[in-house]
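Predicted, not measured: the structure shown is a model, and the values here were computed from it. Below, all heavy atoms of this structure are taken into account, side chains as well, without hydrogens, waters or symmetry copies.
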Amino acid sequence: MPASLLPFLLVTHISLAVALFLPSLLLPFALRAQRATVESTSTAVRALLGLQSRGTVVVGAGLAVTGFALVSALGMSLLTQPWLLVALSIYTLNLVLAFFIQRPNLRPLLGIRAGSDDRVWASRARRQRYVSYVMAAMIGVIGFLMSTKPELW
């Protein structure tokens with residue numbers, strides 16, 4: 001692969017990695033509105049809902065392809081870097097959080113209308129936002145590891 005394609009491949013890979021769990025990260029904040037998210041006229045909310053419901057397999061496949069291309073371009077020794085192994089572990093944990101905790105708990109909240117006195121709905125929506133805060137912090141740690149490449153061991 002020509003070296004000039006490496007930045008494009010890297011940007012594509014990172015974009016797909018973020019896009020894979022972005023809906024699970026951002027949709028809980030759309031729940032602040034006191035109406036069902038599925039009724040939203042917001043283009044951003046509609047795009048996140050579409051990406052979460054129909055784009056996961058395509059984005060995941062693209063992520064796998066670009067990941068293999070990066071490893072083949074940069075060499076297998078890249079996979080022995082401790083910072084990358086920790087970052088990949090955190091990313092995997094983030095995906096597990098997104099797909100097995102956040103998404104199933106978002107489903108019932110997205111299609112119902114929250115009344116101004118519906119404390120149960122508000123409590124569940126708040127809990128989903130807290131999970132999103134944890135996911136965002138994990139993304140920050142991954143970004144730190146990727147940009148500083150610290151010597152961990």
Side-chain angles (χ1 to χ4, degrees), residues 1-33 36-38 40 42-111 121-153:
M1 167 187 319
S4 62
L5 289 180
L6 193 58
F8 172 75
L9 184 61
L10 186 60
V11 167
T12 302
H13 182 73
I14 292 170
S15 299
L16 290 172
V18 171
L20 192 57
F21 58 81
L22 192 64
S24 294
L25 180 69
L26 295 179
L27 278 172
F29 297 103
L31 295 174
R32 288 185 183 261
T37 308
V38 292
S40 176
S42 167
T43 306
V45 171
R46 304 297 299 167
L48 288 170
L49 286 170
L51 185 60
Q52 183 166 0
S53 63
R54 295 179 298 278
T56 304
V57 173
V58 173
V59 172
L63 184 63
V65 167
T66 57
F68 287 126
L70 280 171
V71 170
S72 67
L74 297 173
M76 292 296 284
S77 64
L78 181 67
L79 296 177
T80 63
Q81 300 296 318
W83 61 267
L84 182 59
L85 298 175
V86 171
L88 288 173
S89 299
I90 294 171
Y91 183 77
T92 302
L93 182 60
N94 217 350
L95 285 179
V96 166
L97 209 78
F99 288 106
F100 295 110
I101 294 175
Q102 191 77 317
R103 281 180 74 168
N105 290 333
L106 275 173
R107 244 178 237 120
L109 291 174
L110 291 177
W121 186 92
S123 172
R124 288 180 183 169
R126 190 177 325 104
R127 201 169 341 161
Q128 292 303 107
R129 286 190 296 275
Y130 291 149
V131 173
S132 290
Y133 291 138
V134 169
M135 291 173 65
M138 292 168 71
I139 294 168
V141 171
I142 292 169
F144 171 77
L145 290 170
M146 294 290 191
S147 61
T148 62
K149 298 172 184 57
E151 190 65 40
L152 298 176
W153 59 78

ring-ring contact (aromatic ring centres under 6.0 Å, His included): pairs with one or both residues in residues 54-73, sequence neighbours excluded: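 Pairs touching residues 54-73 that pass the test: none.
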Hey, what do you get for [atom1] ([X]) to [atom2] ([Y]), rounding to the nearest 0.5 Å?
{"X": "Arg127", "Y": "Ile101", "atom1": "CZ", "atom2": "CD1", "result": "12.0 Å"}
{"X": "Ile142", "Y": "Leu88", "atom1": "CD1", "atom2": "CG", "result": "8.5 Å"}
{"X": "Leu95", "Y": "Met135", "atom1": "CG", "atom2": "CE", "result": "8.0 Å"}
{"X": "Asn94", "Y": "Gln102", "atom1": "CG", "atom2": "CD", "result": "10.0 Å"}
{"X": "Leu74", "Y": "Leu84", "atom1": "CG", "atom2": "CG", "result": "10.0 Å"}

Non-hydrogen side-chain atoms of Phe8 and Thr12 separated by less than 4.5 Å: yes
I'd like to check Met138 versus Tyr91 (side-chain heavy atoms, cut-off strictly below 4.5 Å). Are they in contact? no
Those residues that, when tested against [X], pass side chain to side chain contact (heavy atoms under 4.5 Å, CB included) (two or more places apart):
{"X": "Val141", "result": "Ile90, Leu145"}
{"X": "Val58", "result": "none"}
{"X": "Leu10", "result": "Ile14, Leu70"}

Would you list the atom pairs, donor with acceptor, under 3.5 Å between side chains in residues 15-25 and any protein atom, with sequence neighbours excluded?
from, atom 1, to, atom 2, distance (Å)
Ser15, OG, Val11, O, 2.8

Partners passing side chain to side chain donor-acceptor pair (under 3.5 Å) against Thr66 (at least two apart in sequence or in another chain): His13
